[in-house]
Amino acid sequence: MAIRLVGYSFSGPVLRVIICLKELGLPYELEPPASYQSLKDEDYIANKHPFGKMPVLFDGDFRITESRPICRYLVSKYQGKHNDTILIPNDVHKAGLVDQFISYELSYYDPPLSKLLYQEKIAKRFLNKDPDPEVIKQAREELAKVLDVYEKLLEGKEYLNGEYSLADIAPCPSTYYVYGTVTHSDLWDNRPNVKNWWNRLCNRDAIKKSLEEAKSFLENYENV
């Protein structure tokens, strides 16, 4: 039975799962919700996501929500079955470090990026609100401090854990939207290790294809 992924391909959390699926060589069916409003329908909350969010993944009769747990599940079940891509190493110490970097992303990297995305993309496009320059300034300052740490973490390494892993996939969607769509690319470009890491990620086939599909879907989507 095919894997079903509920969500919009341009949504950051959904895009995170799509990259993981492509990296693992897994076929899937994408099911975009009828509208954002439909996420709050009783049926959606009862049978898909209890908080009315995306993504939701169905693997046969099994349902799981939230992008990072979904990715961990997919790796645990399917890694090595369709290709030789390793996203979580078998070595317990290396695997623990992958989780550590994912936790860094969730706790420190993603929050300032989410502020920038909300101010410069969501507020404008979906809420018809002008961005708050003070919030943007504060978010840039927070992100700069985080990227200073990442610059050190990436010293002498191509990827966060040394070798490419799920830790590198986690920050891809929000980085793509802030770096590529919003004018804050200097925050990465001014840090050589961070810049090389991001360029390296963007050149991976699975990531490149996922980002291109998300961009195309967003450009053609009119009812959100």
Nearest-0.5 Å distance, [atom1] of residue [X] to [atom2] of residue [Y]:
{"X": "Ser11", "Y": "Tyr177", "atom1": "OG", "atom2": "OH", "value": "7.5 Å"}
{"X": "Ile88", "Y": "Cys71", "atom1": "CD1", "atom2": "SG", "value": "9.0 Å"}
{"X": "Asp110", "Y": "Arg68", "atom1": "CG", "atom2": "CZ", "value": "5.5 Å"}
{"X": "Leu24", "Y": "Ile86", "atom1": "CG", "atom2": "CD1", "value": "9.0 Å"}
{"X": "Leu147", "Y": "Glu142", "atom1": "CG", "atom2": "CD", "value": "12.0 Å"}
{"X": "Ser67", "Y": "Arg72", "atom1": "OG", "atom2": "CZ", "value": "9.5 Å"}

Can you hop from [X] to [Y] via hydrophobic side chains spaced under 4.5 Å?
{"X": "Ile3", "Y": "Tyr8", "result": "yes"}
{"X": "Val135", "Y": "Leu117", "result": "no"}
{"X": "Leu106", "Y": "Tyr118", "result": "no"}
{"X": "Val149", "Y": "Ile102", "result": "yes"}
{"X": "Ile64", "Y": "Tyr78", "result": "yes"}

Mind checking ring pair (Phe, Tyr, Trp, His ring centres under 6.0 Å) for Tyr108 and listing every partner two or more places apart, or none if nothing turns up?
none
Holding to ring pair (Phe, Tyr, Trp, His ring centres under 6.0 Å), I want the full list of residues that pass it with Phe101, two or more places apart in sequence or in another chain.
Tyr104
Would you call [X] and [Y] a side-chain contact if the rule is heavy atoms closer than 4.5 Å?
{"X": "Ile18", "Y": "Tyr28", "result": "yes"}
{"X": "Asn203", "Y": "Lys208", "result": "yes"}
{"X": "Ser165", "Y": "Asp168", "result": "yes"}
{"X": "Leu15", "Y": "Leu211", "result": "yes"}
{"X": "Arg140", "Y": "Asp186", "result": "yes"}
{"X": "Leu201", "Y": "Tyr164", "result": "yes"}
{"X": "Leu154", "Y": "Asn196", "result": "no"}
{"X": "Val56", "Y": "Glu31", "result": "no"}

Does this structure show an ion pair linking [X] with [Y], if we count only N-O contacts that are shorter than 4.0 Å?
{"X": "Glu141", "Y": "Lys137", "result": "yes"}
{"X": "Lys77", "Y": "Asp59", "result": "yes"}
{"X": "Arg16", "Y": "Glu105", "result": "yes"}
{"X": "Asp41", "Y": "Lys48", "result": "no"}

Any idea which heavy atoms bring [X] and [Y] closest together, and the distance?
{"X": "Cys172", "Y": "Ile207", "result": "SG-CD1, 3.8 Å"}
{"X": "Lys40", "Y": "Gly52", "result": "NZ-O, 3.3 Å"}
{"X": "Ala144", "Y": "Leu187", "result": "CB-CD2, 4.1 Å"}
{"X": "Arg63", "Y": "Ala46", "result": "NH1-O, 3.5 Å"}
{"X": "Thr175", "Y": "Pro171", "result": "OG1-O, 2.6 Å"}
{"X": "Gly7", "Y": "Leu30", "result": "O-CD1, 3.4 Å"}

With side-chain contact (heavy atoms from CB on, under 4.5 Å) as the test, would you mind laying out the steps for Leu74 and Val17 before giving the verdict?
CA-CA 9 Å; Leu74 291 171; Val17 176; 4.1 Å; yes
Counting only heavy atoms from other residues, nucleotides and ligands, does the tally under 6.0 Å from CD of Glu163 exceed 12?
no
Only pairs at least two apart or in different chains count here, so list each ring-ring contact (aromatic ring centres under 6.0 Å, His included) that has a residue in residues 46-68.
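Checked against ring-ring contact (aromatic ring centres under 6.0 Å, His included) - neighbours excluded - the pairs reaching residues 46-68 are Phe62-Tyr73.
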Could you tell me whether a side-chain N or O of [X] sits under 3.5 Å from a main-chain N or O of [Y], the two making a donor and an acceptor?
{"X": "Ser103", "Y": "Asp99", "result": "no"}
{"X": "Glu23", "Y": "Ala206", "result": "no"}
{"X": "Ser38", "Y": "Ser35", "result": "yes"}

Audit row: Tyr44, Gln37, side-chain contact (heavy atoms from CB on, under 4.5 Å) steps and yes/no:
CA-CA 10 Å; Tyr44 188 93; Gln37 290 72 28; over 6 Å; no
Go through Thr85 and Gln79 one step at a time and tell me if the side-chain contact (heavy atoms from CB on, under 4.5 Å) criterion holds.
CA-CA 7 Å; Thr85 299; Gln79 179 169 274; over 6 Å; no
Any chance you could lay out the side-chain contact (heavy atoms from CB on, under 4.5 Å) test for Trp188 and Val178, step after step, and finish with the verdict?
CA-CA 10 Å; Trp188 287 264; Val178 173; 3.7 Å; yes
How about Tyr150 and Asn193: does a side-chain donor come under 3.5 Å of a side-chain acceptor?
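No, because no side-chain N or O of Tyr150 sits under 3.5 Å from a partner of the opposite role on Asn193.
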Any salt bridge (Lys or Arg N to Asp or Glu O under 4.0 Å) involving residues 82-96? Give me the pairs, sequence neighbours left out, ordered by first then second residue.
none
Can you pull out every salt bridge (Lys or Arg N to Asp or Glu O under 4.0 Å) where at least one residue sits in residues 152-162? Sequence neighbours excluded, please.
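Matches after skipping sequence neighbours: none remain.
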Angle class for the Tyr109/Trp197 ring planes (parallel below 30°, perpendicular above 60°, tilted otherwise)?
perpendicular
Which residues satisfy the side-chain contact (heavy atoms from CB on, under 4.5 Å) test with Asp148, sequence neighbours excluded?
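Once residues adjacent in sequence are excluded, the partners of Asp148 under the side-chain contact (heavy atoms from CB on, under 4.5 Å) criterion are Arg191.
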